[in-house]
Student: 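Dropping a structure here in structure tokens format, bear with me for questions.
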Amino acid sequence: LQDPTTPQHKAALWMADTDVLEYAIPTSDTDTSTRFIQRYALVVFYYAMNGVEWEEQLNFLNPLLDECGWFESTRVDEQEIVAVGATCNEIEQVEVILMPRNNLQGTLPSELAFITSLKFIDVNRNQILGNFPNDLNRLTKLEFLDFRYNNMTGSLPEWIGTKLTNLVMLAFSSNGFTGRIPDVYSQLVELKTFALDHNNLEGNLNVLNNLSKLEYVYLEHNLFDQTLTEDFLAESPHLHQLDLSHNYLQCALFPHHLLQHSNLEVLDLHNNDLSGPIPNVLEDNERLRYLALNNNAFSGPLSDTLGTHLKALKHLDVSGNQLMGALPNSLSWPPQLKSLSVGNNNWQGGPFPLWTLGMEHLTELSLRGTQRTGTLPGQIPEHIEFLDLSNNGFSGNISTAMVTAQSRLKHLMLQRNSLEGEIPSSLLNLDIPVMLLYGNSFAGSVCSTVAPATNGNENGGGLRGPIPLDSTTVATVNITKVYIADCDEVDCPCCTQCCRDDDPSSCSDDKQFYETIDGHRNIGYVHSIYSFAPQILLSGSTPISAKAKGT
């Protein structure tokens with residue numbers, strides 16, 4: 001309190017000189033004059049979080065309002081109005097701190113621990129630094145703790161597992177936490193949402209097996225390296241979404257029950273080290289809609305049962321594995337399937353799978369590197385938006401009837417085949433945002449005859465040479481499209497990059513191209529965290545109205 005630069009000194013000065021409410025001041029360490037203490041704690045919080053720079057002041061430090069009025073109502077939609085700031089229950093105890101995206105900056109003050117009535121803290125998407133003060137272990141009533149998208153670092157506090165056992169949601173996504181998930185987190189038996197994705201956590205995931213109420217688990221983009229066993233999460237009947245992608249997980253036997261789970265809707269395990277066969281699905285599953293197993297080391301044939309029993313499937317990605325055998329036409333059976341990716345496996349060669357053309361809801365199809373040969377289909381359905389047929393053995397011309405004027409095609413990848421002839425004007429006039437054509441023997445022009453693009457080249461000439469498709473380059477040349485072709489064979493003033501037969505390295509980095517292309521796409525699923533309004537979550541807890549002095 002003696003240091004005038006500290007949040008504590010500034011808070012004490014404000015309470016003494018500016019505040020007009022006359023709360024009773026505690027007379028001893030055991031005096032629990034709640035109103036004074038919680039008001040002081042919120043003022044310290046304001047100064048510790050650099051409150052003068054907040055996007056919205058939320059009535060904080062309004063001396064004419066008690067601290068239960070330090071919020072502003074924000075309309076989320078026509079039905080929902082949310083109190084953003086600090087809100088109280090019916091006995092004027094602060095239960096909720098809700099301040100997402102408000103430019104909070106600094107380290108958390110330990111004085112927050114004085115507000116022992118807190119049940120809900122959401123300060124996601126701010127600039128909070130450091131770790132949690134150990135004193136916060138006194139907040140034993142907490143049910144929701146959301147610090148996603150901040151700059152917190154260090155290890156996960158063990159006391160969260162021993163003291164905050166009422167937690168229903170714990171969300172620390174997109175911070176800088178390191179180390180392991182403490183074993184004592186297995187005591188968080190009320191937990192429904194567990195979001196630690198996009199950190200630098202490592203070790204095993206054994207704590208999950210004791211959390212039977214889990215519904216949403218997001219642990220992707222970490223360093224976990226556990227070998228999953230067949231009974232992994234077998235005692236979690238309420239799971240809705242499970243994302244463990246971008247880790248170093250292995251498996252001896254795939255937890256097949258996850259493909260037959262009665263509630264699981266999202267299963268994302270891509271970019272791990274999982275191996276062995278993808279198991280059969282033994283009975284109909286009407287729940288699973290998103291299945292991503294790509295970029296692992298799965299091997300063997302792909303069972304017909306994925307197509308016949310996964311009735312609700314909308315997204316299936318098994319690309320980048322070691323699957324073999326025939327491409328099963330049963331993949332066309334899920335009636336709502338919108339995205340199908342089977343590329344870069346060891347499939348038995350063959351022609352374009354015509355059964356994909358009858359899939360009424362399919363918008364994304366990737367057959368990249370699937371040993372396809374023969375000619376391209378004469379026409380593709382108008383509802384296809386993403387078509388990747390690259391790295392195959394297709395030959396011949398592109399049919400003039402391949403697309404119609406009503407086509408929704410936005411991404412076309414035909415690179416590294418044996419195609420030839422001119423690009424039909426019907427295709428060029430669609431003005432497709434992304435088109436990769438290099439590594440073929442095309443002739444003529446590649447640019448639209450309707451509205452040729454120059455991509456910032458004032459002379460109308462094409463950009464020459466290998467131009468990395470990173471954010472800097474895109475900003476510099478004002479690229480709105482990605483067109484790549486063999487400019488020594490075709491006329492392409494609209495190309496964002498040119499490839500040349502005499503320079504094989506000019507277009508050798510497909511990974512870079514695809515990372516750029518993925519930036520144009522809306523792929524994946526949406527994390528489901530919670531309803532925005534805390535009063536919906538905390539039954540019996542309603543933010544009270546602001547009280548001015550004398551009312």
Student: Would you give the length of the straight line joining atom OG1 of Thr496 to atom CE of Met435, rounded to the nearest 0.5 angstrom?
Tutor: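 Going from OG1 on Thr496 over to CE on Met435, the span is 10.5 Å.
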Student: Just verifying a value: how many Å separate Leu340 CG and Glu364 CD, rounded to the nearest 0.5 Å?
Tutor: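 Those atoms lie 10.5 Å apart.
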Student: Under the rule for side-chain hydrogen bond (donor to acceptor under 3.5 Å, both in side chains), what residues qualify as partners of Asn210, not counting sequence neighbours?
Tutor: none
Student: If you look at every heavy atom in Asn209 and Leu233, which pair is closest and at what distance?
Tutor: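 Minimum heavy-atom separation between Asn209 and Leu233: OD1-N, 3.0 Å.
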Student: Looking only at non-hydrogen atoms, find the nearest pair between Asn247 and Ser245 and report the distance.
Tutor: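 In this case the closest contact between Asn247 and Ser245 is ND2-O, 3.2 Å.
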Student: Who are the side-chain hydrogen bond (donor to acceptor under 3.5 Å, both in side chains) partners of Ser303, not counting sequence neighbours?
Tutor: Asn280, Thr305
Student: I'd like to check Asp486 versus Phe442 (side-chain heavy atoms, cut-off strictly below 4.5 Å). Are they in contact?
Tutor: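 No, every pair of side-chain atoms sits at 4.5 Å or beyond.
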Student: Output yes when a side-chain donor or acceptor of Asn296 lies under 3.5 Å from a complementary backbone atom of Asn272, and no otherwise.
Tutor: yes
Student: Could you name each residue pair satisfying salt bridge (Lys or Arg N to Asp or Glu O under 4.0 Å) that touches residues 285-303, not counting sequence neighbours?
Tutor: Glu265-Arg287, Glu265-Arg289
Student: Not counting sequence neighbours, which residues clear side-chain contact (heavy atoms from CB on, under 4.5 Å) with Gln336? List them please.
Tutor: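 Partners of Gln336 under the side-chain contact (heavy atoms from CB on, under 4.5 Å) test: Lys314, His361.
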Student: Checking Ile278 against Leu302 for the side chain to side chain contact (heavy atoms under 4.5 Å, CB included) test, could you report, in this order, the C-alpha distance in whole Å, the side-chain angles of both residues, the deciding distance, and whether it holds?
Tutor: CA-CA 7 Å; Ile278 297 175; Leu302 189 64; 3.8 Å; yes
Student: Who passes side-chain hydrogen bond (donor to acceptor under 3.5 Å, both in side chains) against Glu382, sequence neighbours left out?
Tutor: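 Once residues adjacent in sequence are excluded, the partners of Glu382 under the side-chain hydrogen bond (donor to acceptor under 3.5 Å, both in side chains) criterion are Thr404.
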Student: With sequence neighbours excluded, tell me which residues meet side-chain contact (heavy atoms from CB on, under 4.5 Å) with Gln322.
Tutor: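 Per chain and number, Gln322 pairs via side-chain contact (heavy atoms from CB on, under 4.5 Å) with Ala297, Ser299, Asn346.
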Student: Please, which pairs that meet salt bridge (Lys or Arg N to Asp or Glu O under 4.0 Å) have at least one residue in residues 185-200, sequence neighbours excluded?
Tutor: Glu190-Lys213
Student: I'd like to check Phe144 versus Thr193 (side-chain heavy atoms, cut-off strictly below 4.5 Å). Are they in contact?
Tutor: no
Student: Would the distance check show the side chain of Asn285 and the main-chain N or O of His309 forming a donor-acceptor pair, the cut-off being under 3.5 Å?
Tutor: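 No; zero donor-acceptor contacts below 3.5 Å.
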Student: Under a 3.5 Å distance rule, please check whether Asn263 uses its side chain to pair with a backbone N or O of Pro237 as donor and acceptor.
Tutor: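 Flag set: sc Asn263 to bb Pro237 pair under 3.5 Å.
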Student: Could you check whether any side-chain N or O of His383 sits under 3.5 Å from a backbone N or O of Arg408, counting only pairs where one atom can act as donor and the other as acceptor?
Tutor: no
Student: Could you go through the side chain to side chain contact (heavy atoms under 4.5 Å, CB included) check for Ile432 and Leu427 one step at a time?
Tutor: CA-CA 8 Å; Ile432 299 171; Leu427 180 59; 3.5 Å; yes
Student: Where do Cys498 and Cys487 land on the disulfide (SG to SG under 2.5 Å) test, with the steps shown first?
Tutor: CA-CA 5 Å; Cys498 284; Cys487 296; 1.9 Å; yes
Student: I need the full list of ring pair (Phe, Tyr, Trp, His ring centres under 6.0 Å) pairs touching residues 227-250, with sequence neighbours left out, sorted by first then second residue.
Tutor: Tyr216-His240, His221-His246, His246-His270
Student: CG of Leu228 to CD of Gln226: how many Å apart, nearest 0.5 Å?
Tutor: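 Here the interatomic distance stands at 5.5 Å.
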Student: Is there a donor-acceptor contact under 3.5 Å from the side chain of Glu283 to the main chain of Gln260?
Tutor: no
Student: CG of Leu327 to CG of Asn345: how many Å apart, nearest 0.5 Å?
Tutor: 9.0 Å
Student: Is it true that the side chains of Asn271 and Asn295 contain a donor and an acceptor less than 3.5 Å apart?
Tutor: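 Indeed, the side chains of Asn271 and Asn295 share at least one donor-acceptor pair under 3.5 Å.
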Student: Spell out, as yes or no, whether a donor-acceptor pair under 3.5 Å connects the side chain of Asn392 to the backbone of Arg372.
Tutor: yes
Student: Can you list the residues that meet the side-chain contact (heavy atoms from CB on, under 4.5 Å) rule with Phe177, with sequence neighbours excluded?
Tutor: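 Partners of Phe177 under the side-chain contact (heavy atoms from CB on, under 4.5 Å) test: Asn131, Phe132, Met152, Leu156, Phe172, Asn175, Asn199, Leu201.
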Student: Distance from Ile398 atom CD1 to Ile423 atom CD1, nearest 0.5 Å?
Tutor: 4.0 Å
Student: Side chains of Met413 and Val434, heavy atoms from C-beta outward: is any pair under 4.5 Å?
Tutor: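 Sidechains of Val434 and Met413: in contact.
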Student: State which residues pass side-chain hydrogen bond (donor to acceptor under 3.5 Å, both in side chains) with Glu230; sequence neighbours excluded, sorted by chain then number.
Tutor: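 In terms of side-chain hydrogen bond (donor to acceptor under 3.5 Å, both in side chains), with neighbours along the sequence ignored, Glu230 is linked to His256.
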Student: Using the test ring-ring contact (aromatic ring centres under 6.0 Å, His included), find all partners of Phe352 that sit at least two apart in sequence or belong to another chain.
Tutor: none
Student: Return the minimal non-hydrogen interatomic distance between Leu357 and Pro377, and the atom names on each side.
Tutor: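 Closest approach of Leu357 to Pro377: CD1-CB, 4.1 Å.
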Student: Considering only heavy atoms from C-beta outward, does the side chain of Ile384 approach that of Leu362 to under 4.5 Å?
Tutor: yes
Student: Could you report the tightest heavy-atom contact between Ile484 and Cys499, atom names first, then the distance?
Tutor: CG2-SG, 3.5 Å
Student: Any side-chain heavy-atom pair from Ile160 and Leu188 closer than 4.5 angstrom?
Tutor: yes
Student: Minimum heavy-atom separation for Phe254 and Pro277, please, with both atom names.
Tutor: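 In this case the closest contact between Phe254 and Pro277 is CB-O, 4.4 Å.
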Student: Under 3.5 Å, is there a donor-acceptor pair between the side chain of Asp388 and the main chain of Leu367?
Tutor: no
Student: What is the distance from atom CD of Glu420 to atom CG of Asn397, rounded to the nearest 0.5 Å?
Tutor: 5.5 Å
Student: Are Ser390 and Arg368 close enough that a side-chain donor and a side-chain acceptor fall under 3.5 Å?
Tutor: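 Yes.
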Student: Could you tell me how the ring of Phe386 sits relative to the ring of His411: parallel (under 30°), tilted (30 to 60°) or perpendicular (over 60°)?
Tutor: tilted
Student: Let's go through Asp183 and Asn206 carefully: what are the C-alpha distance in whole Å and the side-chain angles of both, what is the deciding distance for side chain to side chain contact (heavy atoms under 4.5 Å, CB included) to 0.1 Å, and is it a yes or a no?
Tutor: CA-CA 8 Å; Asp183 291 341; Asn206 291 335; 5.8 Å; no
Student: Between Ser426 (side chain) and Thr400 (backbone), is there a donor-acceptor pair under 3.5 Å?
Tutor: yes
Student: Got a sec: does the CG of Asn200 have more than 12 other heavy atoms crowding it under 6.0 Å?
Tutor: yes
Student: Check the pair Phe298 / Leu293 against side chain to side chain contact (heavy atoms under 4.5 Å, CB included), numbers first and verdict last.
Tutor: CA-CA 8 Å; Phe298 290 114; Leu293 303 176; 3.8 Å; yes
Student: Within the side chain of Asn417, is there an N or O that forms a donor-acceptor pair under 3.5 Å with the backbone of Leu389?
Tutor: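 Here the side-chain-to-backbone pair exists.
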Student: Ignoring hydrogens, what is the shortest heavy-atom contact between Asn440 and Leu414? Give both atom names and the distance.
Tutor: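 Result for this residue pair: ND2-O, 3.0 Å.
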Student: For a 4.5 angstrom cut-off between non-hydrogen side-chain atoms, does Arg416 reach Tyr438?
Tutor: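 Arg416 reaches Tyr438 side chain to side chain.
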Student: Could you tell me whether a side-chain N or O of Asn124 sits under 3.5 Å from a main-chain N or O of Tyr149, the two making a donor and an acceptor?
Tutor: no
Student: Is any side-chain heavy atom of Glu220 closer than 4.5 Å to one of His198?
Tutor: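 Yes - at least one pair of side-chain heavy atoms lies under 4.5 Å apart.
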Student: State which residues pass side-chain contact (heavy atoms from CB on, under 4.5 Å) with Ser319; sequence neighbours excluded, sorted by chain then number.
Tutor: Asn294, Asp317, Ser341
Student: Looking at Cys447 and Cys492, is the distance between their SG atoms under 2.5 Å?
Tutor: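 Cys492 does not pair with Cys447 as a disulfide (SG atoms not under 2.5 Å apart), so no.
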